[in-house]
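Worth knowing before you read on, the calculation uses all heavy atoms, side chains too, and leaves out hydrogens, waters and symmetry mates. Remember, it's 1-based here, ligands and their atoms both numbered in the order they're listed.
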Amino acid sequence: MSNDAYVLAAEAAVALRELTGVDSFDVALVMGSGWVPAADAIGRTISELSVTDLPGFAPPAVAGHSGRIRAVETESGRKALIFLGRTHLYEGRGVEPVVHGVRTAIAAGVSTVVLTNAAGGLRPETQDVGEPVLISDHINLTGDNPIRGATFIDLTEVYSKRLRELAREVDPSLAEGVYVAFRGPTYETPAEIRMLRTLGGDLVGMSTVLEAIAAREGGAEVLGISLVTNPGAGLVGEPLNHEEVLEVGRATAARMGVLLGKVVNKL
Ligand code: HPA
C-alpha cells in the first residue's frame, strides 16, 4: 500500500477521536447490505457522524448504505465503531477507499474487526435465505489487493477461529462457509455460480475480502458473517435484485442485532 493511505487513516483516526470524544475504540463493525438496521441493537449511541466528516472517505453510492459512522458503548463497556455502510470496489474509486474504514478503525485502537455482508448462497441444499453464516475462509476473485509492494502477509487464518467459536457460544446453530468475492457490480452468471461451487465456495458477494486482508495486515482479529439473502444465480431460476437483498436484511435485523450485540459483549 502507499504510505499515504496509512497517513490518511491516522489523520481520520485523529478526527474521529475529536468528533466522538472517544479516545480509543475496541471493536469496529462494518454493516453490509441489509445489516444497517441491526446496528441499533448493539449498544448505546455516543455520537454519530457522516463519513464525509473524516478525511479519506467517499460518500455512499448504494441504496441501503447510509455512509454514517456511529460510536457506541456496549452493555459490557466496550467502545464500538459501527460503519453503517461501506465503499465497494465496483464503485470504481480503487482499493484504498474500500479499506480506509478498517485502517482508520485500527489507527483508532481497534483490535477486532467484524465484517458483515449480504451474500448469495451457493449451497441451497443446506442454506436457508435469512440465515447468518460465519465466514471460515475466503477466495478473493476481485482481482485486487489492498497491499502494494512486497509485503507478504500470512492469510492462513484470516477469519479468527477463536472469534467463530465465541460466536457459536452465542448461537450454536451458526453454520460456517467459504466466502467468494467478485468485484461486481453485476450479479454472477449461473455458469459462474456452478464454477464457484466446484471451487469450494459456499457464499458469494462483492465485499469483505479486501477489508479482511487490510485488517490482518493491521494485526486485528477478524470475524466475518454473511447473511444469505438469496440462492446464487440460476440455482432456483429466479432473477436477483438489490431490493430483495435489503428486504431480507430488514426482516432479520432484530436477530442479527442481538447476535452482534452478544458477540461484541463477549470479546
Ligand atoms: N451475488 C453477489 N452478491 C450478492 C448476492 C449474490 O447472489 N446476494 C447478495 N449480495
Side-chain angles (χ1 to χ4, degrees), residues 29-39 60-67 83-92 95 98-99 101 114-144 159 174-213 223-253 255-256 259-260:
L29 298 101
V30 179
M31 309 304 272
S33 306
W35 285 81
V36 169
V62 186
H65 290 199
S66 77
F83 293 89
L84 302 170
R86 55 157 56 93
T87 298
H88 292 84
L89 196 61
Y90 58 68
E91 291 170 44
V95 71
V98 173
V99 297
V114 180
L115 300 171
T116 68
N117 61 48
L122 297 173
R123 311 277 166 199
E125 320 82 86
T126 53
Q127 291 165 337
D128 291 325
V129 164
E131 180 187 308
V133 178
L134 298 173
I135 301 176
S136 57
D137 202 349
H138 77 217
I139 299 176
N140 177 9
L141 298 182
T142 67
D144 215 330
Y159 302 90
L174 287 170
E176 285 195 358
V178 173
Y179 178 86
V180 188
F182 275 126
R183 177 184 182 281
T186 49
Y187 290 114
E188 300 69 35
T189 64
E192 287 165 343
I193 293 295
R194 288 193 297 275
M195 173 185 83
L196 299 184
R197 280 166 58 93
T198 305
L199 290 180
D202 301 302
L203 305 152
V204 61
M206 308 176 193
S207 70
T208 303
V209 299
L210 301 170
E211 292 149 284
I213 291 170
L223 179 68
I225 315 180
S226 287
L227 174 65
V228 177
T229 55
N230 55 277
L235 294 177
V236 297
E238 296 283 313
L240 311 186
N241 69 81
H242 184 58
E243 188 44 47
E244 165 193 48
V245 169
L246 297 182
E247 182 48 44
V248 173
R250 281 191 286 271
T252 55
R255 179 178 172 207
M256 299 311 141
L259 170 66
L260 290 178

Measure the CG-CD distance between Asn230 and Glu247 for me, rounded to the nearest 0.5 Å. 13.5 Å
Rounded distance [0.5 Å steps], OH in Tyr179 versus CG in Leu134: 14.5 Å
Under the side chain to side chain donor-acceptor pair (under 3.5 Å) definition, can you give me all pairs with a residue in residues 195-204, not counting sequence neighbours? Arg123-Asp202, Glu125-Arg197
What are the two closest non-hydrogen atoms of [X] and [Y], and how far apart are they?
X: Arg86; Y: Ser207; result: NH1-OG, 3.3 Å
X: Leu210; Y: Val99; result: O-CG1, 3.4 Å
X: Val209; Y: Ile139; result: CG1-O, 4.5 Å

By chain and number, the residues contacting ligand 1 below 4.0 angstrom (heavy atoms only) are Ala118, Ala119, Gly120, Tyr187, Glu188, Val204, Gly205, Met206, Thr229, Asn230, Leu240, Val245
